[in-house]
Structure formats: C-alpha cells, structure tokens
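Numbered from 1 within each chain, the chains take letters A, B, ... in sequence-line order.
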Number of protein chains: 2
Amino acid sequence: MPKDTFFNLPDVKSNLIILAAVEEFSRASFTAASINQICRRANIPKGSFYQYFRDKLDLYVYIMKLAIEEKIRLFSSVIDDFSTLTLPEQVRLLFLKGVEFANRHPDYAALGEQFSKESDESAKAAVIKEGGRLSESLFLQMIDNAKSKGEIDNRVDSLALSLLLKSLNSAVNEYMLEKFGGAGYEENREEIDGFVDSLLNIVFNGIRSGKD
Amino acid sequence: MPKDTFFNLPDVKSNLIILAAVEEFSRASFTAASINQICRRANIPKGSFYQYFRDKLDLYVYIMKLAIEEKIRLFSSVIDDFSTLTLPEQVRLLFLKGVEFANRHPDYAALGEQFSKESDESAKAAVIKEGGRLSESLFLQMIDNAKSKGEIDNRVDSLALSLLLKSLNSAVNEYMLEKFGGAGYEENREEIDGFVDSLLNIVFNGIRSGKD
DNA sequence: AAAGAATATGACCACATGGTCACATATCGA
DNA sequence: TCGATATGTGACCATGTGGTCATATTCTTT
C-alpha cells in the first residue's frame with residue numbers, strides 16, 4: 001500500500017503518477033519497468049516517489065489492484081444475473097464484457113495483458129494475493145454448476161473445458177486489441193459480436209446434453 | 001549469425017555457450033536476459049563472447065533458430081502423413097507431437113514459452129524473419145483443406161477455429177509443463193493422451209458436417 | 001512569531017548492463 | 001625462425017537501475 005503521503009496528494013498529482021505508472025507497467029515487465037521513467041513522465045523527483053511508495057513492488061501491486069477493482073466493478077453487474085443463464089450464455093456474456101472492458105479501459109487491459117506474461121514470480125504472487133484471480137476459478141465454478149443442472153454432458157472434462165475457455169478468452173482479447181487496438185468498439189460491435197459467437201458456436205455445439 | 005570464430009570452436013566449448021544461452025533466454029525476456037550471466041555460466045570472458053557474436057540479438061536469433069529447427073525436424077515426419085488424415089486426427093497428432101517435443105527438449109520448450117511472451121518487438125521480428133512461424137498459418141491451411149474435403153461445415157469461421165486451436169495448443173503445453181514439468185512423459189503418456197483427447201472431443205464434436 | 005511536523009528534492013550510492021579496445025597469446029604458413 | 005593472422009582476455013566506458021539521505025521548504029499548531 002502507498003504511504004499516507006501519497007493519499008494526501010492533490011488528485012491531479014496522484015492521478016498523474018498513476019497514469020505514468022500504468023503506462024510504464026503496460027509497456028514492460030515488472031523487472032524491465034523503470035522507476036526513473038515513471039518519475040520523468042509524472043514530473044516528480046525520485047526522492048518524492050519514495051516519499052509515496054515503499055518500493056517498486058508497492059507501486060506495482062497498487063496499480064494492479066486499481067485495474068482489478070475496475071474490472072470487478074464492470075463484471076459484477078453481469079455476474080448477478082448468472083443464475084438465470086445457461087453456460088453458453090454466461091460465457092458469451094463474459095467474453096463480450098471482456099471486450100467491452102478492453103475498450104473502455106485500454107490502458108488497464110494492456111496492463112492485464114502484460115501481467116499475464118509476467119515472469120517475476122514474487123511480483124505475480126504479491127498481486128494475486130492482494131486481490132485478484134477473478135477468472136481463475138470462475139470458469140470451473142460455472143462449468144460444474146452447468147453440469148449439475150444437466151446443461152452439459154457430465155463426461156466433459158471440467159478442467160479441460162475451463163482451460164479452453166480461459167485461453168480462448170485471452171485469445172479473443174488479444175485478437176481484438178490487435179485488430180481494433182484501443183478504438184472502434186462501438187463502430188465494430190456487430191463484427192465483434194459475430195466473431196465471439198462463431199467461436200462459441202464451435203465450442204458449444206458439441207457439448208450440450210440435448211441435441212439441436 | 002555467429003561469427004566464424006564461433007564455428008571454429010571445439011564442440012564442447014560452443015555447446016556450453018549454447019546451453020548457457022538457452023538457460024538464460026528461458027529464464028528471462030530478451031531485454032532482461034544478461035550477457036554477463038551467460039558468460040559466467042559458460043565460463044568465458046566477456047571479450048571472448050563478442051569475438052563469437054556480433055551482439056545480444058545475434059545470439060538470441062541463433063539460439064531461437066536452433067530450437068525452431070529442432071521442432072521442425074520432429075514435426076516434419078508427421079506432416080508428411082497429413083494428407084491421409086482427417087482434421088481432428090491431424091490436430092490430435094500435432095498436439096501430441098507438441099507435448100512430445102516439450103518432453104524431449106524441455107529447454108527448447110521453455111524457450112518457446114518465453115518467446116511467446118516476448119515484448120521486444122524488434123527482437124521478435126528478427127526471430128520470425130530468420131525462420132519461424134511454423135504453426136502460424138499451418139492451422140488455417142489445415143482447416144481450409146478440411147473444408148474443401150467436406151470434413152467440416154463450411155459455415156465454420158476458419159479464422160475463429162484456427163485461433164481456437166492455436167490458443168488451445170498453447171494451453172495444453174502450459175498445462176503439461178506445469179503438471180509434469182520436464183519429466184514423466186513416458187510414465188504419464190496415458191493420462192496426457194486422455195487429456196488431449198478430452199479437449200479435442202469438446203472442440204470437434206460440434207463442427208463435423210456429418211452427425212454422430 | 002516560533003516551534004515542530006510533514007514534504008519536497010536531487011545529489012549520491014552500489015551495482016548491473018551491453019559493448020569496446022588495447023594488448024597478450026596461440027596458431028600457422030613460409 | 002619469423003612474420004602474419006586469428007583468438008583470448010579483462011579493464012574500462014557510458015549509461016541505467018532501485019533506493020537512500022541530508023538538507024531545504026512548506027504547513028500546522030500554539
């Protein structure tokens with residue numbers, strides 16, 4: 001957690017620091033990201049930085065937590081409705097919300113993309129501990145829930161399916177980021193929806209217990 | 001390409017350098033990987049290193065090329081039989097060969113894993129240019145081929161499916177690496193086969209033109 | 001106005017980085 | 001044996017890193 005000094009800062013200043021940090025941690029891994037760079041971008045001296053944060057990890061975890069909280073905020077409204085939906089509908093919603101998140105907060109999405117590639121184990125652990133797996137076990141829960149409701153075949157390997165959905169989800173995000181990179185979500189909503197649907201169609205048209 | 005000096009080295013020495021480099025580039029990104037570390041591990045002075053390689057990128061590209069060539073070597077035998085197989089069989093073979101590769105060359109596999117996370121664009125481009133996309137467009141070709149043979153429904157989005165297979169492939173590798181990490185391929189062959197099959201079962205039981 | 005606490009600041013530290021270069025040592029052909 | 005050519009080698013360079021700290025400034029309280 002940042003020191004009190006940081007929270008006493010005027011919002012304009014602290015926001016600038018946050019922005020600079022988000023940009024830097026989106027650009028590079030935890031190790032490769034540079035405090036000097038962040039200070040330069042936020043227009044604060046190095047001495048001040050260490051007045052606000054204990055060390056690099058302190059800042060890193062804080063920034064990640066902000067992004068995670070934002071994502072949870074956007075997703076929570078959707079998850080409330082989950083109980084009334086079938087698994088394919090749930091997954092579809094999750095995917096689309098993911099795309100929406102990436103377009104509403106491209107900076108945070110890039111941050112998440114970078115985090116998924118992070119190789120500094122201790123930094124990763126610190127972030128996860130501080131609040132986020134979110135989608136880690138979510139898919140598994142959804143799948144088992146769907147099984148117990150008889151929505152999908154019991155013989156389907158839950159772990160395999162959840163792994164599939166997880167990797168697919170990140171693939172979709174990566175694809176969207178590459179194709180529309182930051183802008184054009186509203187304009188291309190139809191195309192995006194169609195793409196997601198065609199993906200899910202492949203996956204789900206074989207695992208329903210019932211036939212078409 | 002390494003300088004002549006490198007190729008004139010006795011095999012024991014050059015192999016030691018290669019080994020040290022593979023280890024270092026598996027551990028860290030291109031930027032984070034350290035020449036000093038490699039020299040230390042290979043027991044050669046820094047001056048000698050630059051007698052062998054133009055710079056860091058030169059070594060990086062060379063090491064990656066070695067791994068790619070090894071992978072191609074293992075895969076090429078399989079690809080020859082492709083024309084006689086259906087798409088699911090092809091994909092299954094590809095997945096299993098991938099797992100086999102990871103177990104025969106865990107060092108190279110780790111290298112590939114690291115490369116897929118590489119964020120230095122110019123380093124990435126240099127590697128790709130020097131010889132490898134391999135599986136980049138392979139899936140797309142296989143899919144279109146299967147379509148023209150009427151194996152899968154023409155309405156299936158080729159790009160979506162190839163994306164799915166690609167991300168699935170990396171998910172399998174990641175999962176295997178995590179679960180059996182380096183050893184135990186032969187002992188767990190049944191379990192691995194079963195896992196791959198259950199994944200592919202999910203995907204393919206919905207995209208065949210014919211019904212069960 | 002004075003005293004005391006909270007902040008701001010940049011020079012500085014030890015260390016690591018990729019890369020160079022002058023010089024030492026082998027190797028080889030004549 | 002001598003000269004030339006190819007190799008080996010580590011001190012050195014400029015630059016960057018995360019982090020510290022003594023000092024200066026500002027704010028708050030009396």
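- Take Y60(B) and apply the ring-ring contact (aromatic ring centres under 6.0 Å, His included) test, not counting sequence neighbours, and it matches F25(B), F30(B).
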Please report, to 0.1 Å, the donor-acceptor pairs under 3.5 Å made by any side chain of residues 4-19 of chain B, with sequence neighbours excluded.
{"residue": "T5(B)", "atom": "OG1", "partner": "Q51(B)", "partner atom": "O", "Å": "3.4"}
{"residue": "S14(B)", "atom": "OG", "partner": "D11(B)", "partner atom": "O", "Å": "3.1"}
{"residue": "N15(B)", "atom": "ND2", "partner": "D11(B)", "partner atom": "O", "Å": "3.3"}

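- With sequence neighbours excluded, no residue forms a side-chain hydrogen bond (donor to acceptor under 3.5 Å, both in side chains) with D107(B).
- A salt bridge is absent between E118(B) and K124(B): the closest approach of a Lys/Arg side-chain nitrogen to an acidic carboxylate oxygen does not fall below 4.0 angstrom.
- Every residue was checked against the salt bridge (charged side-chain N to carboxylate O under 4.0 Å, His left out) condition with D144(B), not counting sequence neighbours, and none meets it.
- In this structure, Y52(B) reaches the sugar-phosphate backbone alone: every heavy-atom distance under 4.0 Å involves primed, P, OP1 or OP2 atoms, never a base.
- The CZ-P distance, from R54(A) to dT20(D), rounds to 11 Å in whole Å.
- Every residue meeting the ring-ring contact (aromatic ring centres under 6.0 Å, His included) condition with F101(A), not counting sequence neighbours, appears here in chain and number order: H105(A).
- Annotation: side-chain hydrogen bond (donor to acceptor under 3.5 Å, both in side chains) contacts of D197(A) (sequence neighbours excluded): R92(A).
- Partners of R54(B) under the side-chain hydrogen bond (donor to acceptor under 3.5 Å, both in side chains) rule, at least two apart in sequence or in another chain, do not exist in this structure.
- Taken residue by residue, residues 2-24 of chain B places no heavy atom nearer than 4.0 Å to DNA chain C.
- One interatomic measurement links the two molecules: CD of Q51(B) to P of dG8(D), which rounds to 7 Å at whole-angstrom precision.
- Evaluation of the salt bridge (charged side-chain N to carboxylate O under 4.0 Å, His left out) rule for R41(B) yields E23(B), E24(B) as partners, not counting sequence neighbours.
- Nucleotides of DNA chain C with any atom under 4.0 Å from a heavy atom of chain B span, from 5' to 3', dT17(C) to dT20(C).
- Take F195(A) and apply the ring-ring contact (aromatic ring centres under 6.0 Å, His included) test, not counting sequence neighbours, and it matches Y175(A).
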Can you pull every protein N or O that's under 3.5 Å from an N or O on nucleotides 13-17 of chain D?
{"residue": "dT17(D)", "atom": "OP1", "partner": "S34(A)", "partner atom": "OG", "Å": "2.8"}
{"residue": "dT17(D)", "atom": "OP2", "partner": "N36(A)", "partner atom": "ND2", "Å": "2.9"}

